[in-house]
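Small disclaimer: the values here were computed from a predicted structure and weren't measured. All ligand and atom numbering here is 1-based and tracks the order in the structure.
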Amino acid sequence: MSDEDGADADRREYEFRKVLEELEGHRGTGTQLVSIYVPPDMQISDVVDHVRQEQSEASNIKSKDTRTNVRDALASIDARLKYYDNPPENGLVFFSGAVDTGGGQTQMVTEVLENPPQPVQSFRYHCDSDFLLEPLEEMFTDSGLYGLVVLDRREATVGWLKGKRIEAIKNATSLVPGKQRKGGQSAQRFHRLRLEAIDKFYKEVAEMADELFVPHRHDLDGVLVGGPSPTKDEFLDGDYLHHEIADKVIGKFDVSYTDDSGLYELVKKAEAALSDAELMEDKRYMDRFFKELHGEKLATYGFEATRENLIMGSVETLLLSEDIRTDVLIHTCPEGHETFEYVDRGKQGEVATCEQCGESIDQTEREDVIDHLIEIAEQRGTETVFISSDFERGEQLLNAFGGVAGLLRYSTGV
Ligand SMILES: [Zn+2]
């Protein structure tokens with residue numbers, strides 16, 4: 001994956017998370033919120049049939065309000081389905097329904113999510129007092145791709161770790177003779193034949209792994225190797241793997257099984273290494289940020305300074321905390337001065353006068369801090385990186401620097 005694709009994926013992931021968080025807060029006054037998950041291989045016409053079927057069955061709903069609301073939700077989804085000939089690559093998810101806005105009021109909400117980060121696994125129709133979000137949420141719990149190899153001298157299995165899913169792909173067994181030689185064979189000859197057989201098996205395992213991993217080497221976040229000692233060490237030290245795959249090995253682990261269950265054992269043992277690997281890139285960015293901050297000063301932080309630097313085009317990399325949940329209110333006075341105010345997402349602001357001239361504010365725009373900055377970054381060709389707050393410096397970015405920072409191409413004195 002190139003850096004650019006990575007940033008786009010991060011951005012998309014952020015937009016999805018935002019919608020998810022909004023949907024999470026919604027409740028229906030009755031069982032009237034409809035969620036539909038459409039897998040990529042499903043015919044849109046089948047989805048339409050299902051929706052119309054539900055529409056006719058809705059006449060059995062006793063409460064008049066709920067009945068009307070369910071019908072409205074289904075009609076809204078039916079109307080959206082007209083825009084699709086086929087589901088996109090990763091499928092579609094629809095949410096629609098009248099959500100409770102308090103005081104006996106409801107508001108109709110409809111969201112269509114195209115191409116979630118991982119393919120929708122199966123068709124789901126769900127009508128309840130809240131939206132069905134779990135299948136989407138599961139797609140976000142680390143979406144990495146790791147190659148898995150477990151081996152001893154007798155058996156090997158290769159497979160994938162995709163997000164949280166483990167898939168065994170291929171298995172091989174060897175003809176390596178046991179340590180006990182048969183009568184009549186010289187000890188030396190037996191030993192040599194045994195080493196040759198082991199070498200041959202390692203080559204076979206490496207071929208199996210290369211065949212699977214090499215075509216995906218650019219998307220691969222790492223490779224884990226497991227087995228008893230000294231097998232896995234011999235295998236890795238012997239340079240059997242394709243060099244680009246060998247470079248991706250993030251650790252070797254003691255594992256006692258070498259079939260499918262060995263893959264599960266391997267992932268469990270590698271938990272710490274996996275979370276480190278995921279944070280590695282983020283850590284490198286934050287290390288560079290702190291180094292610049294204390295050295296050459298090619299760094300900026302906080303919303304306003306970073307924004308100014310972005311507009312000047314001096315920001316090389318925009319660093320945004322994944323956990324910012326802040327809106328910026330951009331107040332403008334009649335003189336055209338801008339006053340910024342930060343509020344929790346969706347909350348009201350308090351600023352009424354311009355901080356420069358004291359005039360009353362006559363215009364206010366609300367924007368998500370992240371959307372606002374990314375839009376400027378995209379216009380200026382600045383790379384954007386999302387930083388996790390699951391490590392110390394990532395948490396500092398969020399709490400001490402307002403979740404916003406930048407690495408600069410040159411110093412601007414802002
Ligand atoms: Zn003013």
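- A centroid separation of less than 6.0 Å is found between the aromatic rings of F289 and F401.
- Take a cut-off of 2.8 Å around the Zn ion (ligand 1): the protein N, O or S atoms inside it are C333 SG, H337 ND1, C354 SG, C357 SG.
- Pairs passing the side-chain hydrogen bond (donor to acceptor under 3.5 Å, both in side chains) check and including a residue from residues 82-91, sequence neighbours excluded, read Y84-E114.
- Counting non-hydrogen atoms of other residues, nucleotides and ligands closer than 6.0 Å to OH of Y37 gives a total above 12.
- Inspection of the E304 and Y342 side chains reveals an N or O donor paired with an N or O acceptor under 3.5 Å.
- Using modelled atom types, one finds no donor on one side chain facing an acceptor on the other under 3.5 Å when comparing D100 with T106.
- More than 12 heavy atoms of other shown residues, nucleotides or ligands fall within 6.0 angstrom of atom CD in E21.
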